[in-house]
**Q** 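Input: one structure, supplied below.
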Amino acid sequence: MRFNVAAAAAGAAFLVGGVNAEDQKVLKDESSSSSVAESATKSTPELPTFTPTKLKAPFLEQFTDDWETRWKPSHAKKGNTGDEEWAYVGEWAVEEPTVYKGMEGDKGLVVKNPAAHHAISAKFPKKIDPKGKTLVVQYEVKLQNNLECGGAYMKLLRDTKALHQDEFSNTTPYVIMFGPDKCGHTNKVHFIFNHKNPKTGAYEEKHLNSAPTAKIVKTTELYTLIVHPNNTFIIQQNGEQVKEGSLLEDFTPAVNPPKEIDDPKDKKPDDWVDEARIPDPDAKKPDDWDEDAPYEIVDEEATQPEDWLVDEPQFIPDPEAKKPEDWDDEEDGDWIPPTVANPKCAEVSGCGPWTKPMKKNPAYKGKWTPPYIDNPAYKGPWAPRKIKNPDYFEDKHPANFEPMGAIGFEIWTMQNNILFDNIYVGHSVEDARKFAEETFFKKHPVEKALEEADKPKVEETPKSPSDLKFLDDPKKYVQEKLDLFLTLVKKDPIEAIKSVPEVAGGLAALLVTVVALIVGLLGAGSSPAPAAKKVATDVKEKAKEVKDKAASATATGADTAKDATKRATRSQS
């Protein structure tokens with residue numbers, strides 16, 4: 001019988017996870033192609049190119065080259081309620097983002113200094129009067145260094161003759177403040193509007209209740225505020241609605257004051273009784289009530305445990321402690337070893353002198369108090385009478401904001417490189433959305449892809465041997481099958497043979513192949529070729545290694561099975 005040494009060697013190599021030279025070349029070529037494809041997938045996505053919009057609106061800003069003709073930094077000093085004053089020294093620049101750049105040539109207004117006060121504004125070509133119209137305010141914020149403490153909101157400034165950009169500050173009157181703000185536990189998207197009292201002419205800030213949470217990320221975020229003439233509003237983040245409500249119902253203080261108020265002159269009568277329950281005046285302490293009885297008494301029935309070691313102290317000198325070599329009895333005094341718990345006491349009920357324990361006194365009742373009863377003189381809770389509110393008014397159209405003459409950013413922040421871009425202030429929800437389609441919705445997916453690529457890579461979960469195919473990766477296929485077989489052998493050798501029969505059969509075939517190789521070589525009557533010798537030697541070593549692993553796994557599996565049986569027995573007892 002003729003024996004094909006090369007075929008046997010190839011088969012044996014397959015069984016131990018190896019591949020022959022031709023297969024190695026095919027797998028190498030496939031691996032190379034896969035690597036190239038994977039590299040292409042992970043490469044930087046192609047950036048869309050910025051193109052100035054052709055949309056029209058009362059105010060559109062994309063920070064093109066002529067931006068300095070509109071935007072003026074403030075040089076005012078910011079006043080405080082105390083003695084402190086500070087100036088707006090924060091610098092501004094217009095530049096492309098340096099983190100997750102999502103569009104080529106798209107520049108924005110950037111806060112350049114950390115821990116500084118910044119103020120800058122731009123006047124509208126003509127005042128914007130939202131009376132009877134929908135007001136849409138939209139802009140992009142990019143927190144390139146995140147935001148731990150600071151604001152990134154905008155202000156729409158009231159149109160007044162005193163509106164000077166050089167003196168724009170925290171005291172400049174504004175109509176609406178909108179945008180993200182975070183510091184400590186505060187993290188919200190502000191929506192504040194100033195409302196004019198029609199009776200007094202005074203302005204009061206109205207703050208949105210339950211404001212939505214700001215997204216503190218390094219990608220560009222789009223913030224949109226829509227206020228309709230019917231006093232309803234919508235806040236969107238990245239084009240998705242996150243808050244809706246009413247100017248008349250969702251702000252504090254409320255736009256309109258209450259019609260009635262408590263009469264400040266009304267006082268509670270001296271004889272008004274507002275105690276609903278009182279101690280029963282007719283109740284008397286029972287004769288057998290002993291207020292002096294102690295809470296605990298000695299348990300006279302207790303007896304000393306039989307194993308109690310009266311003559312053994314609870315603590316003894318540490319037998320392992322040694323006197324320090326530098327201890328001087330004359331200067332330091334007599335050396336006394338530290339004490340440790342007496343080990344004899346741990347094995348019995350206790351050590352040292354035994355005394356009877358305390359127990360709760362069954363006669364204890366504590367201090368006597370009379371029971372409570374309903375108060376027959378109770379008149380109910382007192383409240384002042386209501387009178388008409390002299391300051392009452394009703395503004396049915398708070399959405400008719402006062403005319404606005406400029407937009408400004410007046411912020412303090414601990415992080416720099418906050419970028420503002422693509423600002424829309426107008427009256428068209430559709431145009432604001434189109435504007436976002438030209439800008440935000442083109443670059444945001446790119447930025448998200450860059451952000452995802454920047455995250456630490458989690459190792460890909462290996463395929464289960466049942467999912468892996470031999471032609472996908474022969475070497476890995478055999479290795480995975482062998483690992484599964486050895487894992488199952490530890491738990492149940494019989495189940496391992498049933499679940500992965502190809503490995504069990506392969507191990508047997510491997511040994512047969514080795515024997516066949518040796519017999520075939522000896523039967524040839526001549527010395528085998530060096531390559532065949534090496535293959536035979538490698539196969540024998542692999543076979544021994546696999547056999548040892550299987551034997552070890554079987555032994556471990558048997559021990560594990562015994563332990564499992566013991567644990568199960570204990571758990572059932």
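Scope of the values below: all heavy atoms of this structure, side chains included, with no hydrogens, waters or symmetry mates. Being a predicted model, the structure only gives us computed values, none of them experimental.
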**Q** Could you check whether any side-chain heavy atom of Leu147 comes within less than 4.5 Å of a side-chain heavy atom of Ile418, counting everything from C-beta outward?
**A** yes
**Q** Apply the side chain to side chain donor-acceptor pair (under 3.5 Å) test between Tyr174 and each candidate in Glu410, Glu205, Lys155; give the one that qualifies.
**A** Glu205
**Q** How far apart are the closest heavy atoms of Ile235 and Phe191, and which atoms are they?
**A** CD1-CB, 4.2 Å
**Q** Look at the side chain of Gln415 and the backbone N and O of Asn146, then say whether any donor-acceptor pair between them is shorter than 3.5 Å.
**A** no
**Q** Holding to side chain to side chain donor-acceptor pair (under 3.5 Å), I want the full list of residues that pass it with Asn416, two or more places apart in sequence or in another chain.
**A** Asn145
**Q** Output all residues satisfying salt bridge (charged side-chain N to carboxylate O under 4.0 Å, His left out) with Glu244, sequence neighbours left out; order by chain, then residue number.
**A** none
**Q** For Trp289 and Gly366, indicate whether the former's side chain and the latter's backbone hold a donor-acceptor pair under 3.5 Å.
**A** yes
**Q** Look at the aromatic rings of His117 and Tyr88 and report parallel, tilted or perpendicular, splitting at 30° and 60°.
**A** perpendicular
**Q** Is there side-chain contact between Leu156 and Val425, with heavy atoms separated by less than 4.5 Å?
**A** yes
**Q** For Val136 and Ala432, which heavy atoms make the closest approach, and how far apart are they?
**A** CG1-CB, 3.7 Å
**Q** Give the ring-plane orientation class for His195 versus Phe193, where under 30° counts as parallel, over 60° as perpendicular and anything between as tilted.
**A** perpendicular
**Q** Show every donor-acceptor pair shorter than 3.5 Å between a side-chain atom in residues 367-378 and any protein atom, with sequence neighbours excluded, or say none if there are none.
**A**
unit_1	atom_1	unit_2	atom_2	d
Asp374	OD1	Arg277	NH1	2.8
Asn375	OD1	Ala377	N	3.0
Asn375	ND2	Glu275	O	2.9

**Q** Quick one: list whatever passes salt bridge (charged side-chain N to carboxylate O under 4.0 Å, His left out) with Lys206, sequence neighbours left out.
**A** Glu204
**Q** Do Cys149 and Thr413 touch side chain to side chain, with heavy atoms closer than 4.5 Å?
**A** no
**Q** Determine whether a donor-acceptor pair (N or O, by modelled atom type, separation under 3.5 Å) exists between the side chain of Thr172 and the backbone of Phe168.
**A** no
**Q** Look at the side chain of Gln138 and the backbone N and O of Arg433, then say whether any donor-acceptor pair between them is shorter than 3.5 Å.
**A** no
**Q** With Asp106 as reference, evaluate Lys443, Lys442, Gln62 under the side chain to side chain contact (heavy atoms under 4.5 Å, CB included) test and give the passing residue.
**A** Lys443
**Q** Does either side chain, that of Tyr364 or that of Asp290, offer a donor lying less than 3.5 Å from an acceptor on the other one?
**A** no
**Q** How far apart are the closest heavy atoms of Ser74 and Asp166, and which atoms are they?
**A** OG-O, 3.3 Å
**Q** Over all heavy atoms of both residues, which pair between Asn231 and Ala399 is shortest? Give the atoms and the distance, please.
**A** OD1-N, 3.1 Å
**Q** If a pair satisfies salt bridge (Lys or Arg N to Asp or Glu O under 4.0 Å) and one of its residues is in residues 211-227, list it, with sequence neighbours excluded.
**A** none
**Q** To the nearest 0.5 Å, how far apart are CG in Leu247 and OG1 in Thr232?
**A** 7.5 Å
**Q** In Å and rounded to the nearest 0.5 Å, what is the CD1 to CD1 distance from Ile423 to Ile407?
**A** 4.5 Å
**Q** Name each donor-acceptor pair under 3.5 Å that joins a side chain in residues 445-453 to protein atoms two or more places apart or in another chain, with its distance.
**A**
unit_1	atom_1	unit_2	atom_2	d
Glu447	OE1	Lys142	NZ	3.0
Glu447	OE1	Thr220	N	2.6
Glu447	OE1	Thr220	OG1	3.1
Glu447	OE2	Thr220	OG1	2.9
Lys448	NZ	Glu451	OE1	3.2
Glu452	OE1	Lys455	NZ	3.2

**Q** Glu95: which residues meet the salt bridge (charged side-chain N to carboxylate O under 4.0 Å, His left out) condition with it, sequence neighbours left out?
**A** Lys112
**Q** Donor-acceptor pairs are to be reported for all side-chain atoms of residues 258-265 against protein atoms at under 3.5 Å, with residues two or more places apart or in another chain.
**A**
unit_1	atom_1	unit_2	atom_2	d
Asp262	OD1	Lys386	NZ	2.7
Asp263	OD1	Lys265	N	3.0
Asp263	OD2	Arg385	NE	3.1
Asp263	OD2	Arg385	NH2	3.1

**Q** Does any N or O in the side chain of Asn197 come within less than 3.5 Å of the main-chain N or O of Lys199, such that one atom is a donor and the other an acceptor?
**A** yes
**Q** Look at Arg158 together with Glu402 and state whether they make a salt bridge at an N to O cut-off of under 4.0 Å.
**A** yes
**Q** Please tell me if the side chains of Val94 and Val110 come closer than 4.5 Å, counting only heavy atoms from C-beta onward.
**A** no
**Q** With sequence neighbours left out, what residues match Phe50 under ring pair (Phe, Tyr, Trp, His ring centres under 6.0 Å)?
**A** none
**Q** Counting N and O atoms only, with roles assigned by atom type, does the side chain of Glu394 sit under 3.5 Å from a partner on the main chain of Asn256, one being a donor and the other an acceptor?
**A** no
**Q** Under a 3.5 Å cutoff, is there a donor and acceptor pairing between the side chains of Gln144 and Thr98?
**A** yes
**Q** Distance-only, no hydrogens or angles: does the Gln237 side chain make a donor-acceptor pair with backbone N or O of Thr213 under 3.5 Å?
**A** yes
**Q** Using the six-membered ring wherever Trp is involved, compare the ring planes of Phe251 and Phe233 and label them parallel, tilted or perpendicular (cut-offs 30° and 60°).
**A** perpendicular
**Q** Distance-only criterion, 3.5 Å: show the donor-acceptor pairs between side-chain atoms of residues 177-190 and protein atoms not counting sequence neighbours.
**A**
unit_1	atom_1	unit_2	atom_2	d
Asp181	OD2	His190	NE2	2.9

**Q** Side-chain contact test, heavy atoms from C-beta onward, threshold under 4.5 Å: evaluate it for Tyr223 versus Tyr139 and give yes or no.
**A** yes
**Q** Please determine whether side-chain hydrogen bond (donor to acceptor under 3.5 Å, both in side chains) holds for the pair Tyr100 and Asp454, giving the CA-CA distance in whole Å, both sets of side-chain angles, and the decisive distance to 0.1 Å.
**A** CA-CA 9 Å; Tyr100 304 146; Asp454 197 33; 2.9 Å; yes
**Q** Taking side chain to side chain contact (heavy atoms under 4.5 Å, CB included) as the test, write out the residues that go with Lys359, two or more places apart.
**A** Ile297, Asp299
**Q** So, taking the atom named NE2 in His397 and the one named CG in Leu248, what distance separates them when rounded to the nearest 0.5 Å?
**A** 9.5 Å
**Q** Would you say Pro114 and Met414 make side-chain contact, with heavy atoms under 4.5 Å?
**A** no
**Q** Check the pair Asn361, Glu296 against side-chain hydrogen bond (donor to acceptor under 3.5 Å, both in side chains), reporting the backbone distance first and the verdict last.
**A** CA-CA 5 Å; Asn361 184 2; Glu296 288 185 323; over 6 Å; no
**Q** Would you mind checking if Lys133 and Asp129 are paired as a salt bridge, meaning a charged N to carboxylate O distance below 4.0 Å?
**A** no
**Q** On a heavy-atom basis, which atom in Leu222 and which in Ala436 lie closest, and how many Å separate them?
**A** CD2-CB, 3.7 Å
**Q** With a 4.5 Å limit on heavy-atom distance, are the side chains of Ile226 and Leu135 in contact?
**A** no
**Q** Just do the ring pair (Phe, Tyr, Trp, His ring centres under 6.0 Å) check on Trp92 and His118 with the steps written out, would you?
**A** CA-CA 8 Å; Trp92 299 85; His118 294 72; 5.4 Å; yes
**Q** Closest heavy-atom contact between Thr53 and Leu60?
**A** CG2-CD1, 4.0 Å
**Q** Mind checking what makes salt bridge (charged side-chain N to carboxylate O under 4.0 Å, His left out) contact with Asp274, not counting sequence neighbours?
**A** Lys268
**Q** Look up atom CG in Leu47 and atom CD in Glu96, then write down how far apart they are to the nearest 0.5 Å.
**A** 9.0 Å
**Q** Looking at side-chain heavy atoms only, is the closest gap between Ile216 and Leu143 below 4.5 Å?
**A** yes
